[in-house]
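Chain naming here is simple, since letters A, B, ... match the order of the sequence lines and numbering starts at 1 in each.
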Amino acid sequence: MPTVFFTNQLARFIEAPTATVAGGTLAEALEQVFADHPKLRGYILDDQGAIRQHVAIFVDGTQAKDRTRLTDSVSEDSEIHVFQALSGG
Amino acid sequence: MTDKLYVGTRKGLFVLARKAAGWDIVETRFLGEPVSAVLAVDDMVLVALDLGHFGPKVWRRAGNDDWTEMQAPAFPAKPDDAEDDPHPWSVGRIWNLTPGGVDGRIWAGTMPGGLFRSDDNGATWALNEPLWMMPDRLKWMGVAGGEQPGLSTVLVDPEDPAKLTLGVSCAGIWQTTDTGKTWRNIGDGFYNEYMPPDQQRDPIGQDIHQIAHCRAHPEVIWCQHHSRIYRSTDYGATWHPIETARPSGFGFAVAAHPEDPETAWFVPAIKDEQRFPVDARLVVSRTRDGGKTFEVLNKGLPDRHAYDLVYRHALGIDASGTQLAFGSTSGGLWISEDGGETWTAPDCRLPPVACVRFQLGQG
(Lines give C-alpha, C1' and ligand atoms only; values in the text may rest on other atoms or scores of the structure.)
Protein backbone atom coordinates (compact mmCIF):
# COMPACT_ATOMS: atom_id res chain seq x y z
CA MET A 1 0.00 0.00 0.00
CA PRO A 2 1.41 3.45 -0.89
CA THR A 3 2.29 5.70 2.03
CA VAL A 4 1.86 9.49 2.06
CA PHE A 5 4.11 11.61 4.29
CA PHE A 6 3.44 15.31 4.91
CA THR A 7 5.88 18.05 5.89
CA ASN A 8 5.84 18.80 9.60
CA GLN A 9 5.32 22.45 8.69
CA LEU A 10 1.65 21.69 8.14
CA ALA A 11 1.24 20.87 11.82
CA ARG A 12 1.23 24.60 12.55
CA PHE A 13 -2.17 24.77 10.89
CA ILE A 14 -3.75 21.40 10.44
CA GLU A 15 -3.51 17.72 11.25
CA ALA A 16 -1.66 15.89 8.47
CA PRO A 17 -0.66 12.44 9.70
CA THR A 18 1.22 9.88 7.63
CA ALA A 19 -1.36 7.83 5.76
CA THR A 20 -1.42 4.43 4.10
CA VAL A 21 -3.68 4.49 1.08
CA ALA A 22 -4.66 2.63 -2.06
CA GLY A 23 -4.60 4.12 -5.51
CA GLY A 24 -2.90 3.83 -8.88
CA THR A 25 -2.24 7.53 -9.39
CA LEU A 26 -1.08 10.39 -7.23
CA ALA A 27 -4.54 11.97 -7.47
CA GLU A 28 -6.26 8.81 -6.25
CA ALA A 29 -3.81 8.43 -3.38
CA LEU A 30 -4.25 12.00 -2.18
CA GLU A 31 -8.03 11.86 -2.53
CA GLN A 32 -8.10 9.10 0.07
CA VAL A 33 -6.20 11.27 2.52
CA PHE A 34 -8.47 14.25 1.81
CA ALA A 35 -11.53 12.10 2.42
CA ASP A 36 -10.47 11.85 6.07
CA HIS A 37 -9.01 15.37 6.26
CA PRO A 38 -11.08 17.63 3.97
CA LYS A 39 -9.43 20.93 4.92
CA LEU A 40 -6.00 19.49 4.05
CA ARG A 41 -6.90 19.58 0.33
CA GLY A 42 -6.73 23.37 0.18
CA TYR A 43 -3.23 23.35 1.66
CA ILE A 44 -1.84 21.01 -1.00
CA LEU A 45 -3.98 21.75 -4.08
CA ASP A 46 -5.32 25.01 -5.51
CA ASP A 47 -8.96 25.75 -6.39
CA GLN A 48 -8.67 23.78 -9.65
CA GLY A 49 -7.05 20.75 -8.07
CA ALA A 50 -3.51 21.47 -9.25
CA ILE A 51 -0.54 21.21 -6.92
CA ARG A 52 -0.01 24.61 -5.30
CA GLN A 53 2.81 26.58 -6.85
CA HIS A 54 4.94 26.43 -3.72
CA VAL A 55 4.22 22.83 -2.75
CA ALA A 56 6.46 20.01 -3.95
CA ILE A 57 5.36 16.37 -4.13
CA PHE A 58 7.81 13.51 -4.64
CA VAL A 59 6.75 10.02 -5.69
CA ASP A 60 9.51 7.53 -4.90
CA GLY A 61 12.12 10.26 -4.94
CA THR A 62 11.02 11.94 -8.16
CA GLN A 63 9.06 15.20 -8.30
CA ALA A 64 5.53 14.75 -9.60
CA LYS A 65 5.53 15.51 -13.31
CA ASP A 66 1.84 16.24 -13.80
CA ARG A 67 1.17 19.10 -11.39
CA THR A 68 -2.23 19.86 -12.93
CA ARG A 69 -4.02 16.52 -13.02
CA LEU A 70 -1.71 14.44 -10.78
CA THR A 71 -1.66 11.44 -13.12
CA ASP A 72 1.76 10.22 -11.98
CA SER A 73 1.66 6.49 -11.31
CA VAL A 74 1.81 5.21 -7.78
CA SER A 75 2.78 1.58 -7.12
CA GLU A 76 1.88 -0.73 -4.29
CA ASP A 77 4.97 0.15 -2.23
CA SER A 78 5.36 3.79 -3.27
CA GLU A 79 6.35 6.51 -0.83
CA ILE A 80 4.79 9.90 -1.49
CA HIS A 81 6.35 12.90 0.23
CA VAL A 82 4.57 16.27 0.37
CA PHE A 83 6.92 19.18 1.11
CA GLN A 84 6.84 22.92 1.00
CA ALA A 85 8.89 23.98 -2.02
CA LEU A 86 12.09 25.95 -1.61
CA SER A 87 10.29 29.11 -2.63
CA GLY A 88 7.45 31.33 -1.48
CA GLY A 89 6.85 31.68 2.21
CA MET B 1 -14.38 55.28 21.48
CA THR B 2 -13.10 51.88 20.48
CA ASP B 3 -10.43 50.34 22.66
CA LYS B 4 -9.21 47.45 20.49
CA LEU B 5 -7.06 47.65 17.38
CA TYR B 6 -6.16 44.76 15.07
CA VAL B 7 -2.99 44.92 12.99
CA GLY B 8 -2.28 42.33 10.30
CA THR B 9 1.35 42.06 9.24
CA ARG B 10 3.71 40.03 7.09
CA LYS B 11 4.47 37.98 10.19
CA GLY B 12 1.32 37.69 12.20
CA LEU B 13 -1.65 39.34 13.87
CA PHE B 14 -1.15 41.89 16.64
CA VAL B 15 -4.00 43.02 18.88
CA LEU B 16 -3.61 46.29 20.75
CA ALA B 17 -5.72 47.67 23.56
CA ARG B 18 -5.91 51.12 25.10
CA LYS B 19 -4.60 51.10 28.64
CA ALA B 20 -4.02 53.84 31.17
CA ALA B 21 -0.44 54.27 29.94
CA GLY B 22 -1.44 54.20 26.28
CA TRP B 23 -1.95 51.64 23.54
CA ASP B 24 -0.07 48.38 23.90
CA ILE B 25 0.03 44.93 22.31
CA VAL B 26 -2.11 42.55 24.36
CA GLU B 27 -2.18 39.53 22.06
CA THR B 28 -0.22 37.99 19.20
CA ARG B 29 -1.46 35.21 16.95
CA PHE B 30 -0.34 33.51 13.72
CA LEU B 31 3.24 34.64 14.33
CA GLY B 32 5.36 34.05 11.25
CA GLU B 33 2.37 33.92 8.90
CA PRO B 34 1.27 36.69 6.52
CA VAL B 35 -2.07 38.24 7.54
CA SER B 36 -3.76 39.86 4.53
CA ALA B 37 -7.07 41.01 6.05
CA VAL B 38 -8.75 41.26 9.43
CA LEU B 39 -12.24 42.10 10.62
CA ALA B 40 -13.33 42.47 14.25
CA VAL B 41 -17.03 42.96 15.00
CA ASP B 42 -18.23 42.81 18.59
CA ASP B 43 -16.61 39.67 20.00
CA MET B 44 -15.89 38.01 16.64
CA VAL B 45 -12.55 38.27 14.87
CA LEU B 46 -12.06 37.02 11.32
CA VAL B 47 -8.56 36.79 9.87
CA ALA B 48 -7.35 36.00 6.37
CA LEU B 49 -3.93 34.40 6.05
CA ASP B 50 -1.92 34.49 2.84
CA LEU B 51 0.31 31.46 3.37
CA GLY B 52 3.23 31.51 0.97
CA HIS B 53 3.20 27.75 0.48
CA PHE B 54 -0.27 26.62 1.39
CA GLY B 55 -2.57 29.32 0.01
CA PRO B 56 -5.20 31.66 1.45
CA LYS B 57 -6.95 30.64 4.67
CA VAL B 58 -9.67 32.04 6.94
CA TRP B 59 -9.63 31.69 10.73
CA ARG B 60 -12.28 32.87 13.17
CA ARG B 61 -12.57 33.41 16.87
CA ALA B 62 -15.92 34.07 18.50
CA GLY B 63 -16.14 35.11 22.13
CA ASN B 64 -13.93 33.01 24.34
CA ASP B 65 -13.73 30.13 21.89
CA ASP B 66 -10.39 29.08 20.46
CA TRP B 67 -9.40 30.09 16.95
CA THR B 68 -10.91 27.78 14.33
CA GLU B 69 -10.13 27.42 10.66
CA MET B 70 -13.07 28.16 8.38
CA GLN B 71 -13.60 27.15 4.78
CA ALA B 72 -11.56 29.46 2.57
CA PRO B 73 -13.12 31.14 -0.48
CA ALA B 74 -12.47 29.08 -3.60
CA PHE B 75 -13.42 29.27 -7.26
CA PRO B 76 -15.60 26.65 -8.90
CA ALA B 77 -14.14 24.35 -11.54
CA LYS B 78 -12.94 26.34 -14.53
CA PRO B 79 -15.11 25.51 -17.55
CA ASP B 80 -13.48 24.32 -20.75
CA ASP B 81 -14.62 27.39 -22.66
CA ALA B 82 -12.79 29.76 -20.27
CA GLU B 83 -9.39 29.14 -21.83
CA ASP B 84 -8.95 32.75 -22.89
CA ASP B 85 -9.21 33.97 -19.27
CA PRO B 86 -5.91 35.74 -18.52
CA HIS B 87 -6.33 35.25 -14.77
CA PRO B 88 -6.27 32.09 -12.67
CA TRP B 89 -9.44 30.56 -11.26
CA SER B 90 -7.80 30.17 -7.89
CA VAL B 91 -7.82 32.59 -4.98
CA GLY B 92 -4.38 34.12 -4.62
CA ARG B 93 -5.05 36.46 -1.71
CA ILE B 94 -8.00 37.57 0.39
CA TRP B 95 -7.57 41.35 0.36
CA ASN B 96 -10.46 42.60 2.45
CA LEU B 97 -13.21 41.35 4.75
CA THR B 98 -16.18 43.69 4.93
CA PRO B 99 -19.39 43.48 6.98
CA GLY B 100 -22.39 43.10 4.66
CA GLY B 101 -24.96 45.04 6.68
CA VAL B 102 -27.07 41.92 7.28
CA ASP B 103 -26.67 39.52 10.19
CA GLY B 104 -23.93 37.02 9.36
CA ARG B 105 -23.07 38.51 5.96
CA ILE B 106 -19.46 39.28 5.10
CA TRP B 107 -17.96 40.13 1.73
CA ALA B 108 -14.42 39.13 0.79
CA GLY B 109 -12.58 40.88 -2.02
CA THR B 110 -9.72 38.86 -3.45
CA MET B 111 -6.97 38.58 -5.99
CA PRO B 112 -7.48 37.70 -8.84
CA GLY B 113 -10.66 39.78 -8.57
CA GLY B 114 -13.32 37.38 -7.30
CA LEU B 115 -15.92 38.70 -4.87
CA PHE B 116 -17.06 36.12 -2.30
CA ARG B 117 -20.07 36.25 0.03
CA SER B 118 -20.58 34.57 3.36
CA ASP B 119 -23.91 34.49 5.17
CA ASP B 120 -22.61 32.61 8.21
CA ASN B 121 -19.96 34.97 9.58
CA GLY B 122 -17.20 33.62 7.40
CA ALA B 123 -17.69 29.90 7.93
CA THR B 124 -18.47 29.25 4.25
CA TRP B 125 -18.14 31.34 1.09
CA ALA B 126 -19.72 31.51 -2.35
CA LEU B 127 -18.34 33.26 -5.42
CA ASN B 128 -20.40 36.10 -6.86
CA GLU B 129 -20.69 34.55 -10.31
CA PRO B 130 -22.31 37.48 -12.16
CA LEU B 131 -19.24 39.64 -11.55
CA TRP B 132 -16.73 36.88 -12.28
CA MET B 133 -18.51 35.66 -15.42
CA MET B 134 -18.88 39.12 -17.01
CA PRO B 135 -17.11 39.28 -20.38
CA ASP B 136 -15.67 42.66 -19.33
CA ARG B 137 -13.86 41.01 -16.43
CA LEU B 138 -11.35 39.62 -18.93
CA LYS B 139 -10.18 43.24 -19.46
CA TRP B 140 -9.19 43.64 -15.81
CA MET B 141 -5.47 44.14 -15.34
CA GLY B 142 -3.10 42.79 -12.74
CA VAL B 143 -1.30 44.82 -10.10
CA ALA B 144 0.63 44.61 -6.87
CA GLY B 145 3.39 42.26 -7.89
CA GLY B 146 1.04 39.34 -8.18
CA GLU B 147 0.05 40.38 -11.69
CA GLN B 148 -3.53 39.67 -10.71
CA PRO B 149 -6.42 42.14 -10.46
CA GLY B 150 -7.13 42.99 -6.84
CA LEU B 151 -10.58 43.74 -5.46
CA SER B 152 -9.37 46.18 -2.84
CA THR B 153 -12.57 47.72 -1.45
CA VAL B 154 -16.19 46.75 -0.90
CA LEU B 155 -18.41 49.65 0.18
CA VAL B 156 -21.80 48.58 1.53
CA ASP B 157 -24.56 51.18 1.63
CA PRO B 158 -25.42 51.80 5.30
CA GLU B 159 -29.17 51.88 4.53
CA ASP B 160 -29.38 49.38 1.67
CA PRO B 161 -27.20 46.25 1.91
CA ALA B 162 -28.11 45.35 -1.69
CA LYS B 163 -26.11 48.33 -2.93
CA LEU B 164 -22.39 47.63 -3.18
CA THR B 165 -19.59 49.69 -4.68
CA LEU B 166 -16.31 47.95 -5.48
CA GLY B 167 -12.89 49.45 -6.05
CA VAL B 168 -10.60 47.31 -8.18
CA SER B 169 -6.92 47.59 -9.02
CA CYS B 170 -6.98 47.73 -11.88
CA ALA B 171 -10.51 47.78 -13.23
CA GLY B 172 -12.17 50.91 -11.90
CA ILE B 173 -15.39 51.12 -9.90
CA TRP B 174 -18.15 48.50 -10.12
CA GLN B 175 -21.58 48.95 -8.61
CA THR B 176 -24.64 46.79 -7.98
CA THR B 177 -28.03 47.68 -6.55
CA ASP B 178 -29.35 44.09 -6.43
CA THR B 179 -26.84 42.34 -4.14
CA GLY B 180 -24.59 41.43 -7.03
CA LYS B 181 -27.01 40.01 -9.58
CA THR B 182 -26.02 42.75 -12.04
CA TRP B 183 -22.98 45.02 -12.13
CA ARG B 184 -22.02 48.15 -13.99
CA ASN B 185 -18.73 49.94 -14.39
CA ILE B 186 -19.05 53.60 -13.39
CA GLY B 187 -16.65 56.48 -13.08
CA ASP B 188 -16.85 59.48 -15.41
CA GLY B 189 -14.09 61.96 -14.74
CA PHE B 190 -11.24 59.59 -13.93
CA TYR B 191 -8.18 59.79 -16.10
CA ASN B 192 -4.72 58.34 -15.89
CA GLU B 193 -1.27 58.67 -17.40
CA TYR B 194 -0.40 55.00 -17.68
CA MET B 195 -2.65 54.01 -20.60
CA PRO B 196 -2.56 55.01 -24.28
CA PRO B 197 -4.19 58.46 -24.81
CA ASP B 198 -7.45 57.11 -26.20
CA GLN B 199 -7.97 54.90 -23.17
CA GLN B 200 -6.96 57.24 -20.37
CA ARG B 201 -10.57 58.11 -19.49
CA ASP B 202 -11.99 54.62 -19.86
CA PRO B 203 -13.62 53.77 -16.49
CA ILE B 204 -12.41 50.15 -16.66
CA GLY B 205 -8.77 51.13 -16.92
CA GLN B 206 -8.62 53.08 -13.67
CA ASP B 207 -6.32 51.90 -10.90
CA ILE B 208 -8.43 52.39 -7.79
CA HIS B 209 -6.00 52.07 -4.90
CA GLN B 210 -8.75 52.55 -2.33
CA ILE B 211 -12.20 54.11 -1.94
CA ALA B 212 -13.98 55.19 1.25
CA HIS B 213 -17.41 56.66 1.78
CA CYS B 214 -18.94 58.87 4.42
CA ARG B 215 -21.28 56.61 6.39
CA ALA B 216 -23.82 59.38 7.02
CA HIS B 217 -23.64 60.53 3.37
CA PRO B 218 -22.72 57.44 1.36
CA GLU B 219 -23.16 59.34 -1.89
CA VAL B 220 -19.87 61.04 -1.02
CA ILE B 221 -16.97 58.76 -1.90
CA TRP B 222 -13.27 59.54 -1.74
CA CYS B 223 -10.83 57.76 -4.01
CA GLN B 224 -7.10 57.40 -3.70
CA HIS B 225 -6.43 56.68 -7.36
CA HIS B 226 -3.03 55.74 -8.73
CA SER B 227 -2.74 59.12 -10.40
CA ARG B 228 -4.31 61.46 -7.82
CA ILE B 229 -7.13 61.89 -5.29
CA TYR B 230 -10.72 62.08 -6.56
CA ARG B 231 -14.04 62.78 -4.87
CA SER B 232 -17.56 61.91 -5.96
CA THR B 233 -20.74 63.43 -4.55
CA ASP B 234 -23.15 61.37 -6.67
CA TYR B 235 -22.36 57.84 -5.49
CA GLY B 236 -19.47 57.29 -7.86
CA ALA B 237 -21.13 58.27 -11.13
CA THR B 238 -18.82 61.25 -11.66
CA TRP B 239 -15.46 62.04 -10.09
CA HIS B 240 -13.73 65.34 -9.53
CA PRO B 241 -9.93 65.40 -9.54
CA ILE B 242 -8.34 67.05 -6.53
CA GLU B 243 -5.05 68.72 -7.35
CA THR B 244 -4.60 70.63 -4.10
CA ALA B 245 -3.38 67.69 -1.99
CA ARG B 246 -0.21 68.35 -0.05
CA PRO B 247 2.58 67.29 -0.02
CA SER B 248 1.52 64.99 -2.87
CA GLY B 249 -1.55 63.31 -4.29
CA PHE B 250 -0.02 59.84 -4.55
CA GLY B 251 -0.69 57.18 -1.98
CA PHE B 252 -2.66 54.04 -1.34
CA ALA B 253 -4.88 54.54 1.69
CA VAL B 254 -7.83 56.81 2.39
CA ALA B 255 -10.09 57.14 5.42
CA ALA B 256 -13.39 59.02 5.27
CA HIS B 257 -15.01 60.69 8.25
CA PRO B 258 -18.13 58.70 9.15
CA GLU B 259 -20.33 61.78 9.60
CA ASP B 260 -18.65 64.79 7.96
CA PRO B 261 -18.63 64.37 4.16
CA GLU B 262 -16.04 67.14 3.82
CA THR B 263 -13.36 65.36 5.85
CA ALA B 264 -10.93 62.64 4.79
CA TRP B 265 -7.38 61.52 5.55
CA PHE B 266 -4.58 60.28 3.30
CA VAL B 267 -0.96 59.19 3.77
CA PRO B 268 0.93 60.71 0.85
CA ALA B 269 4.12 59.54 -0.83
CA ILE B 270 6.25 60.50 -3.80
CA LYS B 271 4.54 59.24 -6.94
CA ASP B 272 4.88 56.64 -8.23
CA GLU B 273 8.17 55.02 -9.08
CA GLN B 274 9.77 55.91 -5.73
CA ARG B 275 6.98 55.47 -3.20
CA PHE B 276 8.31 56.86 0.03
CA PRO B 277 7.26 59.96 2.00
CA VAL B 278 8.04 63.32 0.41
CA ASP B 279 11.39 64.53 1.83
CA ALA B 280 11.45 61.28 3.87
CA ARG B 281 9.12 63.03 6.35
CA LEU B 282 6.13 60.94 7.35
CA VAL B 283 2.88 62.94 7.35
CA VAL B 284 -0.85 62.44 7.16
CA SER B 285 -2.82 64.86 5.02
CA ARG B 286 -6.33 65.86 5.99
CA THR B 287 -8.95 67.87 4.22
CA ARG B 288 -11.95 69.28 6.07
CA ASP B 289 -13.47 71.22 3.20
CA GLY B 290 -14.15 68.57 0.61
CA GLY B 291 -10.66 68.68 -0.88
CA LYS B 292 -10.32 72.42 -1.47
CA THR B 293 -7.43 72.58 1.01
CA PHE B 294 -5.30 70.09 2.91
CA GLU B 295 -3.60 70.20 6.27
CA VAL B 296 -0.31 68.38 6.74
CA LEU B 297 -0.32 66.60 10.10
CA ASN B 298 2.89 65.27 11.61
CA LYS B 299 2.88 65.81 15.37
CA GLY B 300 4.36 62.60 16.73
CA LEU B 301 5.36 61.23 13.33
CA PRO B 302 8.98 60.81 12.20
CA ASP B 303 10.28 64.10 10.85
CA ARG B 304 13.30 62.78 8.99
CA HIS B 305 14.71 59.64 7.42
CA ALA B 306 11.34 57.94 7.29
CA TYR B 307 10.82 55.63 4.33
CA ASP B 308 7.50 54.22 5.45
CA LEU B 309 4.88 53.42 2.82
CA VAL B 310 1.29 52.82 3.95
CA TYR B 311 -0.68 50.24 2.01
CA ARG B 312 -4.35 50.34 1.02
CA HIS B 313 -5.79 48.66 4.07
CA ALA B 314 -3.27 49.95 6.58
CA LEU B 315 -5.08 53.16 7.58
CA GLY B 316 -7.97 52.51 9.95
CA ILE B 317 -10.59 54.79 11.43
CA ASP B 318 -13.07 54.10 14.22
CA ALA B 319 -16.82 54.56 14.08
CA SER B 320 -16.65 57.98 15.72
CA GLY B 321 -14.09 59.45 13.34
CA THR B 322 -11.81 60.57 16.16
CA GLN B 323 -9.43 57.61 16.36
CA LEU B 324 -7.17 56.74 13.46
CA ALA B 325 -4.27 54.34 13.16
CA PHE B 326 -1.88 53.38 10.42
CA GLY B 327 0.96 50.95 9.90
CA SER B 328 3.77 50.99 7.38
CA THR B 329 5.92 48.79 5.23
CA SER B 330 8.76 49.49 7.67
CA GLY B 331 6.72 48.14 10.56
CA GLY B 332 5.83 51.49 12.08
CA LEU B 333 2.49 51.88 13.82
CA TRP B 334 0.95 55.18 14.87
CA ILE B 335 -2.36 55.93 16.59
CA SER B 336 -4.25 59.21 16.92
CA GLU B 337 -7.13 59.89 19.27
CA ASP B 338 -7.82 63.41 18.08
CA GLY B 339 -8.60 63.11 14.40
CA GLY B 340 -4.98 63.06 13.31
CA GLU B 341 -3.77 66.17 15.13
CA THR B 342 -1.29 64.18 17.23
CA TRP B 343 0.07 60.66 16.90
CA THR B 344 1.68 58.23 19.30
CA ALA B 345 3.65 55.10 18.51
CA PRO B 346 3.16 52.03 20.69
CA ASP B 347 6.38 50.46 21.93
CA CYS B 348 6.97 47.91 19.18
CA ARG B 349 8.79 47.28 15.93
CA LEU B 350 6.37 45.30 13.84
CA PRO B 351 6.81 43.32 10.63
CA PRO B 352 5.59 45.10 7.46
CA VAL B 353 1.97 46.07 8.04
CA ALA B 354 -0.77 45.00 5.61
CA CYS B 355 -3.96 46.03 7.39
CA VAL B 356 -5.09 48.05 10.42
CA ARG B 357 -8.67 47.83 11.67
CA PHE B 358 -10.40 49.12 14.79
CA GLN B 359 -12.92 46.84 16.40
CA LEU B 360 -16.41 47.56 15.12
CA GLY B 361 -19.71 47.38 16.94
CA GLN B 362 -18.75 49.15 20.14
CA GLY B 363 -20.08 52.49 21.30
Salt bridge check: are B/Lys57 and B/Glu33 linked by an N-O gap of less than 4.0 Å? no
Output for pair (A/Phe34 CZ, A/Leu45 CG), nearest 0.5 Å, gives 4.5 Å
Interface residue of largest heavy-atom contact number with chain B, from A/Gly42, A/Gly49, A/Pro38, A/Ala56, under 4.5 Å: A/Gly42
Do any N or O atoms from the side chain of B/Asn96 and from the backbone of B/Leu151 form a donor-acceptor pair under 3.5 angstrom? yes
Are the side chains of B/Phe14 and B/Thr28 in contact, using a 4.5 Å heavy-atom criterion? yes
Please output the residues of residues 128-139 of chain B in contact with chain A, using a heavy-atom cutoff of under 4.5 Å, in numerical order. none
Kindly indicate whether the side chain of B/Leu115, heavy atoms from C-beta on, has any atom under 4.5 Å from the side chain of B/Trp183. yes
Are B/Ser169 and B/Arg312 linked by a side-chain donor-acceptor pair shorter than 3.5 Å? yes
Can you name the residues of residues 76-90 of chain B that have some heavy atom under 4.5 Å away from a heavy atom in chain A? B/Pro76, B/Ala77, B/Lys78, B/Trp89, B/Ser90
Using modelled atom types and a 3.5 Å cut-off, is there a donor and acceptor pairing between side-chain atoms of B/Asp24 and backbone atoms of B/Ala17? no
Relative to each other, are the rings of B/Phe116 and B/Phe75 parallel, tilted or perpendicular (30° and 60° limits)? perpendicular
Say whether, by atom type as modelled, one donor and one acceptor occur between the side chain of A/Gln32 and the main chain of A/Ala22 under 3.5 angstrom. yes
Can you tell me how the ring of B/Trp95 sits relative to the ring of B/His313, calling it parallel under 30°, perpendicular over 60° and tilted otherwise? perpendicular
